[in-house]
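These figures come from a predicted structure and were not determined experimentally. Worth knowing before you read on, the calculation uses all heavy atoms, side chains too, and leaves out hydrogens, waters and symmetry mates.
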Amino acid sequence: MGFFGFNGSSLYSSLKSSMDFWFLNDRMNFCCGWATLFVLLCIILFLFSTRLLRFFSSSSSSSSSSSRRHNVSSFSPAASATEIASSNSRISEIVSVADLKFLIENLDEKLSENEKWENVTNKRNNLLAYTAKCFKPKDAPIKYLSLTVFENCTIEVLRDFYMDNEYRKQWDKTVVEHEQLQVDRTNGTEIGCTIKKFPLLTPREYVLAWRLWEGKDKTFYCFIKECEHPLAVRQRKFVRVKFFRSGWRISKVPGRNACQIKMFHQEDAGLNLEMAKLAFSRGIWSYVCKMNDALRRYSVKSHPLICPAVTAVSLIQKVPPGLETMNTVVDTQATSTSIASQGLDTGEAKEKKFLRRPSKKIVANGLLLLGGVIFLSRGHSSLGAKVALAYILTKLRKHDALSGQERER
């Protein structure tokens, strides 16, 4: 479906990096490390005991609800046909041309003139360049805007790569399950259900609808949003994502053999706001590099769009006249030059730094991040949780500030 859960995927990369540091650094400060580990164990025991109490207290109700879910999921063919027939009349209204207009305005940054955006990351290597920024609206999830440039890549291959959910399950370890639920042949809207699993968190369930358009000069658009569907019955073992707005535009980079994808993303996956933002900034570059490696291995011949044959790609629509503007073609030659002039670390150089000197502070901060994810991502709002969050974020930000000063020297 061409979406990437930024917070979750970045969280996975960030946690994996933290655990790698734990095992690589055999000279860490044992007092600090064991003290932090003891606190983490206490938190885990607390969460386990809480869940155990909830399980015994709701055992009777859960048995009755599970039987109801079984009855719903195994409804008769007549009922299934009735529900799907009623949903056919609504599916064409889920993703509309108004959503496409909303996406183009966000990608062209027409809606953000009075918004204060914060730069999150700016990285590049020989085959890849990535920039991202974010903005926190009042009483709404964080908005992200990112631009990724792939060298030596065609528009069609990049589009098919983003839409190939079967192939994504091979390289994106957070995606454990995906199922197509319905396709509207009249306007190309597709609905699917994806399960994403992250370390130490309850798996997230995404029931989404998406639709593709083709614009001028082989430019492709995709908009994705949350929805409900009679075949996607809610299950207690998953946390269903209630708010999801995401979309992208794939276009050719003028003047060279490269293409770019500019993405708008906004979702509420039930994660703590500050922790999710921190995990994104620390883990997104690693995730994008992994995505680039998968793209290089991908080809239409070796990885065709597997069944079902009818998808949003095969039913792609044309962009209505007047929606596209001159701003849709971005000169990423200047963008890449600007990135290079800022002296950014490449992924290769960054990896050499980590291998040369694994820092004790990084290990301790990794443990703090891990403990914060365990405790705070579960929605605790007590005074103790807020104090713990403030302490964790302060320690991590101090480390980032000191690291930045050392790099400047």
Side-chain angles (χ1 to χ4, degrees), residues 2-17 103-113 115-125 127-137 140-151 153 158 161-162 172 174 222-224 244-251 253 258-269 271 273-295 327 330-332 334-347 350 369 396-397 400 403-404:
F3 86 92
F4 293 91
F6 283 126
N7 295 338
S9 303
S10 305
L11 179 62
Y12 177 85
S13 300
S14 182
L15 284 175
K16 187 176 184 299
S17 300
L103 173 63
I104 293 177
E105 289 176 344
N106 276 275
L107 295 177
D108 292 342
E109 303 182 42
K110 292 182 178 180
L111 300 180
S112 58
E113 295 178 355
E115 298 174 349
K116 186 177 180 181
W117 288 76
E118 175 186 350
N119 293 326
V120 177
T121 187
N122 206 336
K123 302 286 185 181
R124 72 186 303 267
N125 57 32
L127 294 175
L128 179 69
Y130 180 81
T131 61
K133 58 183 180 179
C134 69
F135 167 73
K136 176 61 180 73
I142 296 179
K143 293 181 179 180
Y144 288 96
L145 273 176
S146 67
L147 178 66
T148 312
V149 180
F150 298 94
E151 301 291 339
C153 181
L158 184 60
F161 170 76
Y162 262 73
D172 188 348
T174 64
C222 178
F223 187 77
I224 312 148
F244 191 96
R245 297 288 189 278
S246 186
W248 46 255
R249 174 176 61 216
I250 294 177
S251 58
V253 176
C259 58
Q260 64 187 2
I261 178 167
K262 189 169 185 180
M263 178 176 287
F264 166 81
H265 188 86
Q266 188 179 23
E267 92 174 76
D268 183 3
L271 300 175
L273 180 63
E274 292 298 325
M275 189 59 65
K277 184 178 176 182
L278 182 64
F280 175 83
S281 62
R282 285 173 169 262
I284 188 61
W285 174 243
S286 174
Y287 181 81
V288 172
C289 289
K290 184 178 181 180
M291 177 180 66
N292 179 66
D293 293 339
L295 173 64
N327 293 331
V330 181
D331 187 0
T332 48
T335 303
S336 299
T337 305
S338 171
I339 294 173
S341 65
Q342 296 177 19
L344 298 172
D345 293 335
T346 63
K350 188 175 182 181
L369 177 61
L396 291 172
R397 285 168 178 166
D400 291 339
S403 300

Heavy-atom nearest pair, Val149 first then Ala258, reads CG1-CB, 4.5 Å
Gap between atom OG of Ser146 and atom CZ of Phe280 - 0.5 Å precision: 6.5 Å
Sidechain-backbone polar pair: Asn125 side chain, Leu127 backbone, donor-acceptor under 3.5 Å: yes
With a 4.5 Å limit on heavy-atom distance, are the side chains of Arg124 and Glu151 in contact? no
Ile142 side chain reached by Lys277 side chain, heavy atoms, under 4.5 Å: yes
Minimal non-hydrogen separation, Ala269 against Glu267, with atom names: CB-OE2, 3.4 Å
Distance, nearest 0.5 Å, that separates OG1 of Thr131 from CG of Leu145: 9.0 Å
Report the relative orientation of the aromatic rings in Trp285 and Tyr130; use parallel for angles under 30°, tilted for 30 to 60°, perpendicular for over 60°. tilted
Answer whether the closest heavy-atom distance between the side chains of Met263 and Thr148 falls below 4.5 Å. no
CH2-CZ distance between Trp248 and Phe264, expressed to the nearest 0.5 angstrom: 15.5 Å
N/O donor-acceptor pair under 3.5 Å between Gln266 side chain and Pro141 backbone: yes
Apply side-chain hydrogen bond (donor to acceptor under 3.5 Å, both in side chains) to Asp268 and list each qualifying residue two or more places apart in sequence or on a separate chain. none
Dump the intermediate steps for side chain to side chain donor-acceptor pair (under 3.5 Å) on Gln260 and Ser251, then the final yes or no. CA-CA 6 Å; Gln260 64 187 2; Ser251 58; 3.0 Å; yes
By side-chain contact (heavy atoms from CB on, under 4.5 Å) - contacts of Cys259 (at least two apart): Cys153, Ile155, Leu158
For a 4.5 angstrom cut-off between non-hydrogen side-chain atoms, does Trp117 reach Glu109? no
On a heavy-atom basis, which atom in Ser281 and which in Ile284 lie closest, and how many Å separate them? O-CG2, 4.4 Å
Do Tyr144 and Phe135 have ring centroids that are under 6.0 Å from one another? no
Starting at CZ of Phe161, measure out to CE of Met291 and round the result to the nearest 0.5 Å. 6.0 Å
Heavy-atom distance under 4.5 Å between the side chains of Glu115 and Lys143, does that happen here? yes
Any sub-3.5 Å donor-acceptor pair from Ser286's side-chain atoms to Gly283's backbone N or O? no
Got a donor-acceptor contact below 3.5 angstrom from the Lys262 side chain to the Leu107 backbone? yes
